[in-house]
There are 2 protein chains.
Amino acid sequence: MKHVDIKKIFANVDEYVGKTIDVCGWVRTTRDSKNVSFVEINDGSCTNNLQIVVDKETMDIKVNTAFVIGCGVKVTGVIVASEMNKCEMQMASYQILGECPADYPLQKKRHSLEFLRTMPHLRVRTNTIMNVQRVRSALAAASHLYFQSNGYTYVHTPLITGNDCEGGGEVFRVTTQPWNAAAKTEEDYFAEDFFGKKAFLTVSGQLEGEVAAMALGKIYTFGPVFRAENSNTSRHVSEFWQVEPEVAFAELPDIIEIIEEYIKFIVGYVLENCSTEIDFFERFFEKGLRQKLELLTNSDFQVIEYTDAIELLKKAEGANFAFAPEWGAELQSEHERWLTEQIFKKPVFVINYPKDIKSFYMKQNDDGKTVAATDLLVPGIGELVGCSEREANYDKLVAAMEARGMDVSAYSQYLDLRKYGSVPHSGFGIGFDRLVMYVTGVSNIRDVLLYPRTPKELK
Amino acid sequence: MKHVDIKKIFANVDEYVGKTIDVCGWVRTTRDSKNVSFVEINDGSCTNNLQIVVDKETMDIKVNTAFVIGCGVKVTGVIVASEMNKCEMQMASYQILGECPADYPLQKKRHSLEFLRTMPHLRVRTNTIMNVQRVRSALAAASHLYFQSNGYTYVHTPLITGNDCEGGGEVFRVTTQPWNAAAKTEEDYFAEDFFGKKAFLTVSGQLEGEVAAMALGKIYTFGPVFRAENSNTSRHVSEFWQVEPEVAFAELPDIIEIIEEYIKFIVGYVLENCSTEIDFFERFFEKGLRQKLELLTNSDFQVIEYTDAIELLKKAEGANFAFAPEWGAELQSEHERWLTEQIFKKPVFVINYPKDIKSFYMKQNDDGKTVAATDLLVPGIGELVGCSEREANYDKLVAAMEARGMDVSAYSQYLDLRKYGSVPHSGFGIGFDRLVMYVTGVSNIRDVLLYPRTPKELK
């Protein structure tokens, strides 16, 4: 079915005006006036609908019955310039491709996001979800563009893993055993299972990402990870997408520069390529969204020591924190937002956290108290990126694992990286779905995923 | 650690000659001669090593003990032009970043791919696996580039699904239940499970891809899928990556055009951007590889009816097929290869297969016997892409499901797409790992994945 995408027409109005072309799409609205009627159609290529003008003098068509909302159509006509809409189409002929009966749940009126979640297969046809998906796609495209043009290799780390490294309680197990497998012992059960041993869904590609970076130098992952956390919040899902770059020969200050450049690049890309989508979110979801994103691309991100951040927070006037800031404790979300929104009013890297509140793999600083880790905090959300230089010293890494009571033998591959040609390296992780929330102002993670997976919900 | 990627130096030799810079990398070889010694280092950014020249007059260094193979180094020196190597570095100073003890399993001599598979965390440091990974990354980048620049939205379809649509025996189940959960009934067991019902790992994003295409028009997925098939062949793994575009308002001839354009684009991209990698594979893996790829980008793909293909195969002289070609039966790999390698000597789309050997969702042709499906066959491998126009008619789709004894009620969302604004649409799927095999000439799928997942193997 040869036809022209509506986005292409709006992007090249001069080229199409006066031309007779075919367009395809779904009917969004119809409107009847004295001599002409109007049908707006959308083909998913952009936020804009194309207005089809039906001349009632020459065509005996009742638009509201001929063009039912939701039906699929192909329309032939000439593109004409329009002051209000940039351009529209004077209809010459049309063909209904698929009807839409009256019980179609998405009629013209607005629906709540909660209601829309009950029908994931239809809600993607709403402006909100389509705009989210287009911004999501643009952020992904920009991420690949950034890393590829800077010499990174995209690697696919495994999803199924034998390592339940972040604690058995919060990982999904993968099995081909029937629910009532008649194994007598755990050993028998897993010997009979598909992989001949326990298998889990990964929570992070970092460890394998480090493996790849110790060969390819600069790598990034972009893929799904899983967490079987029984959380029902607006920020948690069980299956989400993550970007995890890992860079050899990069120390903490190097990776901080990379993060800043990357974040500015992808947000700048969205501002440039998804302007109508951002207008939509500005209008319906977050006042000041565009300004927030522009501020991010234009500001020099702040870097502050955790220790200094605690001091600033202790002196914060009018903050009324629920949790008193204290050296050695996690920064609470309220603290993070105070730093980035009230004190610095721009993105902030907090660096060198106390080692006891951070992971075993982070590089231990010479002070014996902190690790070379950083979180990037941004206004409106708090933590957006988690990052660290990795501990490259074999003995220090083993000591950190033992201090945490970990099973060192399960990490022999990871330790080999510190044995054979270990070099300084750093990496970061960004929750891609939360990034989409940040850039669109959509506040529930369930609305930035086509099919969100949460406890007791699997549609 | 400020330094310059080796790839950047080779790409801009004129700019760097005469400049003193830092490079980082891992030692690949050392060689001692009369007045100078040589150390080759690689940083993963490209196939080429940078040769470091050590002047023995001014530096009292035994390179084979100072620069042990596998160790991580940072070297400072001036870049000089070299006839043999384009450029090299005259060393001024160096720093060992990480030692490499003598038990390092990857010494200079070559290892078999089988042996290398026993250590996935180290084999990625070999030329073969690094080159595979760079080509893989380039194919992924090119895929995103193609679809993004043609107006497709990248969507993330879910990995965890409630639908075991392709048969319970070949899917992985996802659970948080302990191996010995004490449920009395199946119902109890799954009621207590994380999602409150049976959950599986998806085998394809197609159904959700169609959902998205019925709103966004043109979409593509690029993500992992899973198959719990107990196959131990060189072409099967349990976890692999797939690209699945889905296009609204596209009939079979339209999607065939898209596939041809896409395949030519990504292969052309690799020829342009991974020339040294292709040279490597030509030399060590597949004689004629470059010619094969160039032929693909330069030829007009053939389109042939399945019915005509069967006739041609029946007349094939000297073929000695193990299976006689017969209308109504699957094309065997030997048949596919004969068509593309012997008869047409270029890529071939076979179209309109008998409906009984194809899936329920494919558009039923008016002849009542065939469906609007196509496989793209390429020399050297056979089937590379599977594709079809989807059945857009509600009643015909239900009839096809019932004829196959499927549970129609499990597909209510999918059927809704045919109820509300159904339009012609088509899609295809390409196994990304097999594509990498095709483009590199690497013949075992285990060698194109960082951590291949196969029965009883989970490293």
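Here is how names work: the chains are called A, B, and so on, in the same order as the sequence lines, proteins then strands, and each is numbered from 1. Remember, predicted model here, so these are calculated numbers, not experimental data.
For Ser238(A) and Glu229(A), the side-chain atoms include no donor-acceptor pair closer than 3.5 Å. If you check the side chains of Glu210(A) and Tyr414(A), you find a donor sitting under 3.5 Å from an acceptor. Donor-acceptor pairing under 3.5 Å is recorded for the side chains of Ser137(B) and Gln148(A).
Contacts of Tyr189(B) classified as ring pair (Phe, Tyr, Trp, His ring centres under 6.0 Å), with partners at least two apart in sequence or in another chain: Trp179(A). Residues passing the ring pair (Phe, Tyr, Trp, His ring centres under 6.0 Å) test with His121(B), sequence neighbours excluded: none.
Between chain B and the options Arg125(A), Glu457(A), Lys456(A), His156(A), heavy-atom pairs under 4.5 Å are most frequent for His156(A). When the candidates Gly223(B), Ala212(B), Ala199(B), Pro424(B) are compared by the number of heavy-atom contacts under 4.5 Å with chain A, Pro424(B) comes out ahead. Contacts with chain B were tallied for Met119(A), Arg134(A), Arg136(A), Lys8(A); Arg136(A) has the most, counting heavy-atom pairs under 4.5 Å. Annotation: maximal heavy-atom pairing with chain B below 4.5 Å, among Lys74(A), Lys459(A), Lys419(A), Lys218(A), occurs at Lys419(A). For the options Pro101(B), Cys71(B), Gly70(B), Ser45(B), heavy-atom pairs under 4.5 Å to chain A are most numerous at Pro101(B). Chosen from Thr153(A), Thr175(A), Val124(A), the residue pairing most often with chain B at heavy-atom distances under 4.5 Å is Thr175(A). When Leu97(B), Leu458(B), Ile129(B) are compared by the number of non-hydrogen pairs under 4.5 Å with chain A, Leu458(B) comes out ahead. Among the candidates Tyr394(A), Phe432(A), Phe222(A), the residue making the largest number of heavy-atom pairs closer than 4.5 Å to chain B is Phe222(A). Highest contact tally toward chain B, considering only Trp241(A), Tyr104(A), Phe190(A), is held by Trp241(A) [criterion: heavy-atom pairs under 4.5 Å]. No other option in Asn42(B), Val155(B), Val423(B), Leu216(B) has as many heavy-atom pairs under 4.5 Å with chain A as Leu216(B).
Residue Pro452(A) does not touch chain B at all, counting heavy-atom pairs closer than 4.5 Å. Interface remark: Ala191(A) contributes backbone atoms only to the contact with chain B (heavy atom separation under 4.5 Å). Of the two parts of His3(A), only the side chain, counted from C-beta on, holds a non-hydrogen atom closer than 4.5 Å to a non-hydrogen atom of chain B. Only the side chain of Glu239(A) comes within contact range of chain B, judged by heavy atoms closer than 4.5 Å. With a 4.5 Å cut-off on non-hydrogen atoms, Arg173(A) touches chain B through its backbone and its side chain both. Only the backbone of Ala213(A) has a heavy atom closer than 4.5 Å to any heavy atom of chain B. Looking at Pro120(B), the atoms closer than 4.5 Å to chain A (heavy atoms on both sides) sit in the backbone and in the side chain alike. Proximity to chain B (any heavy atom under 4.5 Å) is shown, for Phe147(A), by neither the backbone nor the side chain. Heavy-atom distances place the backbone of Thr185(B), and not its side chain, under 4.5 Å from chain A. Contact of Asn180(A) with chain B is not made at all, since no heavy-atom distance falls under 4.5 Å. Of the two parts of Leu201(A), only the side chain, counted from C-beta on, holds a non-hydrogen atom closer than 4.5 Å to a non-hydrogen atom of chain B. Residue contact with chain B, scored on non-hydrogen atoms closer than 4.5 Å, involves the backbone of Asp193(A) exclusively. Only the side chain of Pro224(A) comes within contact range of chain B, with at least one heavy atom under 4.5 Å from a heavy atom of that chain. Heavy atoms of Gln133(A) lying under 4.5 Å from chain B belong to its backbone as well as its side chain.
Atom SG of residue Cys46(A) and atom NZ of residue Lys7(A) lie 7.0 Å apart, to the nearest 0.5 angstrom.
More than 12 heavy atoms of other residues, nucleotides or ligands shown are found within 6.0 angstrom of CD on Glu251(A). Gln95(B) CD: more than 12 foreign heavy atoms inside a 6.0 Å radius.
The closest side-chain heavy-atom distance from Thr126(B) to Leu106(B) is below 4.5 Å. No side-chain heavy atom of Ile160(A) sits less than 4.5 Å from a side-chain heavy atom of Thr202(A). Put simply, the side chain of Val247(B) does not reach to within 4.5 Å of the side chain of His425(B), judged on heavy atoms.
Taking the ring axis of Tyr451(B) as reference, the NZ or CZ atom of Arg453(B) does not stay both within 45° of it and closer than 6.0 Å to the ring centre.
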CA sep, side-chain torsions, deciding dist, call: Leu449(A), Asp433(A), side-chain contact (heavy atoms from CB on, under 4.5 Å)
CA-CA 7 Å; Leu449(A) 281 151; Asp433(A) 311 281; 3.3 Å; yes
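Under a 3.5 Å cut-off, the side chain of Trp26(A) and the backbone N or O of Asp43(A) do not form any donor-acceptor pair.
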